[in-house]
Every structure is written in C-alpha cells, then in structure tokens.
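Some notes on the structure that comes next.
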Amino acid sequence: MTGGAAGDGVPPAVGMSGGVPVTGDRAARGPGAEDTVRRWHADLAWLPAGGMRPGVLIEAAGGRFVSVRPGVGAADVPGGTVRLPGLTLPGLANAHSHAFHRALRGAAQAGQGTFWTWRERMYQVAARLEPDSYLALARAVYAEMAMAGITCVGEFHYLHHGAGGVRYADQNQMGRALIEAAAQAGVRITLIDTCYLSGGLGNDGSPEPLAGPQLRFGDGDSERWAQRVHSLGADQHGMLAAHARLGVAIHSVRAVPPGQMHPVIACSHAYGAPLHAHLSEQIAENQACLAAHGVTPTQLLDRVGALGPRTTVVHATHLTGGDIEELGGSRTVVCMCPTTEADLADGVGPARALASAGSPLSLGSDSHAVIDLLEEARRVELGERLITGQRGSFTSAALARAATVAGHACLGWPEAGEIAPGALADLVTVALDTPRLAGVSEATALESVIFAGTAADVRGVVVGGRDVVRDGRHLLVDVPAALDYAIRPLLAP
Ligand SMILES: [Zn+2]
C-alpha cells in the first residue's frame with residue numbers, strides 16, 4: 001500500500017523545531033491511526049516552544065494533534081480524557097537499527113574479542129535468518145523499542161538475499177518482513193535499504209569480494225541494487241505504507257566503491273528519501289580509505305555529492321577538523337550510537353564540535369547492546385565530559401531534541417517528534433514515581449529523565465493516536481516471550 005506524502009515531498013527540514021507541516025493526508029498517518037477524537041491530560045509535558053509545562057490538555061483526531069493547551073487544571077478537563085501521570089515527551093526516534101544484531105546481546109560479551117570477532121559472530125546470526133524468522137525477531141525487537149518509547153525506527157537493512165546470495169522469489173522479501181514487523185509492533189519504520197557490494201578494501205585499495213554470509217548482502221552492483229529498491233513500490237514521495245517510508249544507504253566506504261555510489265544518491269533524489277551511511281566508525285576504515293583513495297571517508301562522500309541536509313552519517317567517530325567542517329557546513333546529520341560505540345570500543349565521536357559546526361545530531365541503538373534512547377542521549381553529554389573534563393556541552397533539551405524531532409527528521413518524518421498541533425500524535429509518558437526518578441522536581445523533570453531515566457521508566461506510548469504501551473505493558477506483543485522465541489534458535493549450537 002502506498003499513499004500520500006509525508007510532508008510535501010521536499011527533503012526533510014532537518015533539525016526543525018516548530019512549524020510542523022500539516023498535510024491533512026490520511027495515508028501519511030501512523031500505524032492504526034485513530035479516527036476518533038482522543039484527549040489526554042499530561043501532568044507535565046515537554047513542548048517545543050514552551051519547554052516543560054504543567055497540566056497540558058492534548059487533543060488528537062485522525063492520528064494527529066489538533067490542540068495542545070498547557071495550564072489546564074484537572075477540574076477543567078472534559079469527560080473521557082486520559083490522565084498521563086509523569087512526564088510526557090514526544091515519540092522517540094531510533095535513527096539507526098540493525099534488528100538482527102539484537103540476537104547477539106550478551107552472547108557477544110562472553111570472553112574477550114575485538115570489533116572484528118564481534119562482526120564474525122554477527123555473520124553467524126545473519127547466516128541463519130530467513131524471512132519468517134526475521135519477521136519474528138524484528139517484530140519482537142521493534143516491540144521492545146516501543147516499550148522504550150521509540151515510535152519510529154530507522155532500519156539500516158542489508159540482509160537482502162538467501163544463503164549464498166540466492167534471490168528470494170520476491171527480491172524484497174526480507175525488507176517486506178521488516179515493514180510487517182514494524183506494523184505488528186505498532187511503530188513506524190523507515191526502511192533504509194542499504195547498498196553493500198564489497199567485503200572491504202584490500203591492501204592495494206581494491207574492493208574485496210563478498211564472501212560467506214556477506215553474499216546475502218550484495219546485489220552485484222548498485223544499478224541492480226537500485227532496480228530492486230524501485231521494485232519495493234514506493235510512491236513518488238517514498239511512502240511504502242501508511243507506517244513505512246523508504247530510505248537508502250551507502251553501507252560505508254568499505255562496502256561501496258566510489259564509482260558505485262551515484263545510483264544510491266540518485267535513488268535518494270528520486271524519492272526524496274533519506275540517505276544514510278556508516279562513517280569513520282573505526283580508525284582502520286580511515287586508514288584503508290586513505291590508502292585506497294587518498295582522502296578521508298568524509299572527503300570521499302563529499303566528492304561524490306553524498307553529503308547534505310538529507311544525508312545522515314552514522315557514528316562519525318574518528319574525524320579530522322576538515323571532516324567536521326565539511327559535515328557541519330553541508331548540514332549533514334550525524335547519528336551517534338554511544339552504547340554501541342562503547343560496546344565495540346569504537347571511541348567517542350566529536351559531538352559538540354559537529355553540532356557547533358552545523359550538523360544536527362540524532363541517536364540510534366544500532367547493535368542493540370541495550371535499547372534505551374535515554375541512555376544514548378545522556379551518553380552524548382557524558383562522553384564529552386570524559387573527553388574534555390568539562391560539563392555542560394549539551395542541555396537536556398538539546399539531547400531530547402536529538403532523540404525526538406531531529407531523529408524523526410533524519411528518517412524522513414519531519415511531521416513527527418513534537419507535541420504540537422498538526423504533528424503526528426505520538427506520546428511517550430515517563431513515570432516519575434519509579435526508584436530511579438522518585439523525588440524529582442517539576443522544574444528539572446526533563447534533566448532527571450534524560451540523565452537518570454531508563455527505558456524501564458516508560459509507562460505509556462501512543463503512536464498515531466493509538467495506545468501501543470499502557471501501564472508499562474505492550475498491548476500487541478508479549479515482548480519477553482517473543483524475543484525468547486525468536487532468538488533462541490539463532491544462537492543454538
Ligand atoms: Zn550500523
């Protein structure tokens with residue numbers, strides 16, 4: 001099913017706050033958008049213009065907010081209004097996910113290992129997945145995300161084909177499983193279809209052929225990648241379904257030779273689709289790129305015209321000063337994944353320098369070492385503190401914007417991520433009476449939630465006006481049972 005525009009088809013206004021476009025387009029609503037009018041009364045809500053406000057009466061119809069009124073007393077609330085105790089935030093956006101990596105959680109911590117031994121284990125899991133098992137796993141993982149307050153996921157998808165690279169009857173069967181998984185979990189998805197052509201850069205700079213499980217990732221060349229992506233059937237605005245839109249990706253400079261990048265960029269232009277790429281996650285990638293091409297990975301992406309406001313680079317951990325200027329000056333978004341970067345010993349990226357140079361920041365749980373956007377958010381600031389010896393590089397509001405409006409924008413949903421009239425009706429309510437947060441004051445509730453809250457404190461989640469999580473329970477999926485069912489066979493000897 002395709003349909004209307006998310007916005008008006010122009011590239012998302014990355015980092016926007018306020019001025020959410022109203023299309024009135026029913027097809028662009030979230031999953032299961034409610035037709036009926038719904039009202040909530042938030043004890044506290046974080047609003048784009050007003051910051052933290054008490055007593056906020058929020059009304060939605062057709063899956064979008066129609067009015068947001070702070071300062072309304074409990075006695076003045078209409079009948080049938082749902083009270084939201086705690087702090088209510090806009091929906092969180094997880095801008096970088098590889099759903100199947102969730103199966104490695106914990107298992108990849110045993111003993112000692114490098115990034116590259118982790119990657120070998122990841123390939124083992126990848127080798128076992130088929131469309132049915134991928135659907136089961138992704139459904140459970142996206143439902144876990146919903147319980148953490150994530151209402152939209154950017155799935156960086158490269159597990160395209162069967163064993164040995166053999167095509168399924170529908171070449172997009174794996175991608176369609178992810179779209180279905182998001183629907184069943186009650187969240188939106190941007191399917192970031194990823195071009196992945198080579199296994200790395202050899203010592204002489206030439207691309208190494210895909211081997212073993214990597215054969216499942218490859219389409220041969222980027223023209224054939226583009227043909228497959230076109231057959232996904234996105235409309236001219238890149239919509240794949242009411243809850244799903246298309247994104248595209250250059251996996252990395254290791255996996256896509258520069259001469260193969262243009263069709264991916266052209267596909268992004270054709271659909272107004274977000275363009276994502278892993279960038280400088282490891283020093284070894286920089287060294288290989290310099291040896292092969294004589295430039296940094298950032299310079300290589302710039303040279304082929306891949307940078308800009310519709311582009312998001314993921315990690316951006318090891319950059320030169322010139323790289324930071326090029327990314328910021330081009331308004332390229334940077335998606336940081338601090339828990340994964342810590343888990344894989346990648347390093348700490350220059351978040352403050354990038355933001356100051358002009359790059360909006362978004363957040364991702366990437367390998368799902370944990371799924372907790374609040375932790376990702378605070379680690380951006382805490383990483384800066386550890387590196388610089390200074391506090392206060394980012395305010396809690398700036399970190400919250402990375403987790404909400406900036407994340408949605410870089411996934412092609414600029415009409416989500418704010419509690420404002422016209423925006424998609426997504427709400428995340430964080431309980432303030434939990435062991436971690438009890439005793440907070442209203443004035444600093446956002447600071448408390450960003451710096452001490454966890455996914456376990458998320459009590460309620462509304463997506464497109466519909467309840468997905470209520471009283472800390474997912475209404476569509478038994479998440480622990482679904483995860484156990486999906487993961488156990490993947491790790492069996
Ligand atoms: Zn990644």
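Along the sequence shown, the residues carry numbers beginning at 1.
With a 4.5 Å cut-off on side-chain heavy atoms, T194 and H251 count as touching. Residues L44 and T88 are not in side-chain contact: their nearest non-hydrogen atoms beyond the backbone lie 4.5 Å or more apart. Here the side chains of V463 and H243 are not in contact, with every heavy-atom distance at 4.5 Å or above. Side-chain contact between L279 and L327: present, with at least one pair of heavy atoms (C-beta onward) separated by less than 4.5 Å. Between Q184 and L476 the shortest side-chain heavy-atom distance does not fall below 4.5 Å. You'll find the side chain of R228 reaches within 4.5 Å of the side chain of N172, heavy atoms only. In this structure the side chain of D193 reaches within 4.5 angstrom of the side chain of W225, judged on heavy atoms. By the 4.5 Å heavy-atom criterion applied to side chains, I419 and F65 are counted as neighbours.
For the atom pair CG (L361) and CG (L399), the distance works out to 8.5 Å, reported to the nearest 0.5 Å. Going from atom CZ of F451 over to atom CG of L437 covers 13.5 Å, rounded to the nearest 0.5 Å. Here the straight-line distance linking atom CG of N94 with atom OG of S365 works out to 3.5 Å at 0.5 Å rounding. Atoms OG1 and CG, on T429 and D457 in that order, are 12.5 Å from each other to the nearest 0.5 Å. In this structure, CG on L57 lies 10.5 Å from CH2 on W40, to the nearest 0.5 angstrom. To the nearest 0.5 Å, atoms OG1 (T298) and CG (D302) are separated by 8.5 Å.
In this structure, R310 contributes its side chain and S268 its backbone to a donor-acceptor pair below 3.5 Å. Under the 3.5 Å distance criterion, the side-chain polar atoms of T332 are matched with a main-chain donor or acceptor of G308.
The aromatic rings of H157 and Y134 sit tilted, their planes meeting at an angle between 30° and 60°.
Within the structure, the salt bridge (Lys or Arg N to Asp or Glu O under 4.0 Å) test picks out the following pairs touching residues 377-397 (sequence neighbours left out): E375-R379, E381-R385. Screening residues 337-351 for side chain to side chain donor-acceptor pair (under 3.5 Å) gives Q109-D343, Q282-D346, H315-E341, T339-E376, T340-S367 as the qualifying pairs, with residues at least two apart or on separate chains. A salt bridge (Lys or Arg N to Asp or Glu O under 4.0 Å) check over residues 444-456, counting only residues at least two apart or in different chains, returns nothing. Every pair passing salt bridge (Lys or Arg N to Asp or Glu O under 4.0 Å) that includes a residue from residues 138-156 is listed here, sequence neighbours excluded: R102-E144, R105-E144.
The side-chain contact (heavy atoms from CB on, under 4.5 Å) check on A138 picks up A99, Y142, L178, A181, with sequence neighbours excluded. With sequence neighbours excluded, the residues that form a salt bridge (charged side-chain N to carboxylate O under 4.0 Å, His left out) with R83 are D43. Scored by the ring-ring contact (aromatic ring centres under 6.0 Å, His included) test, H98 finds H96, H101, F156, Y158, H278 as partners (sequence neighbours excluded). With sequence neighbours excluded, no residue satisfies salt bridge (charged side-chain N to carboxylate O under 4.0 Å, His left out) with D76. Partners of R69 by salt bridge (charged side-chain N to carboxylate O under 4.0 Å, His left out), not counting sequence neighbours: none found. Under the rule for a salt bridge (charged side-chain N to carboxylate O under 4.0 Å, His left out), R352 has no partner lying at least two apart in sequence or in another chain. Applying the side-chain contact (heavy atoms from CB on, under 4.5 Å) test to S280 and every residue at least two apart in sequence or in another chain returns E285, N286, P297, L319. By the ring-ring contact (aromatic ring centres under 6.0 Å, His included) test, H269 pairs with no residue at all, sequence neighbours left out.
In summary, the side chains of T454 and D372 do not present any donor paired with an acceptor at a separation below 3.5 Å, with no hydrogens or angles considered.
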Could you go through the side chain to side chain contact (heavy atoms under 4.5 Å, CB included) check for C337 and E281 one step at a time? CA-CA 10 Å; C337 309; E281 178 177 8; over 6 Å; no
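Closest of all the heavy-atom pairs between P350 and A316 is CD-O, 3.3 Å.
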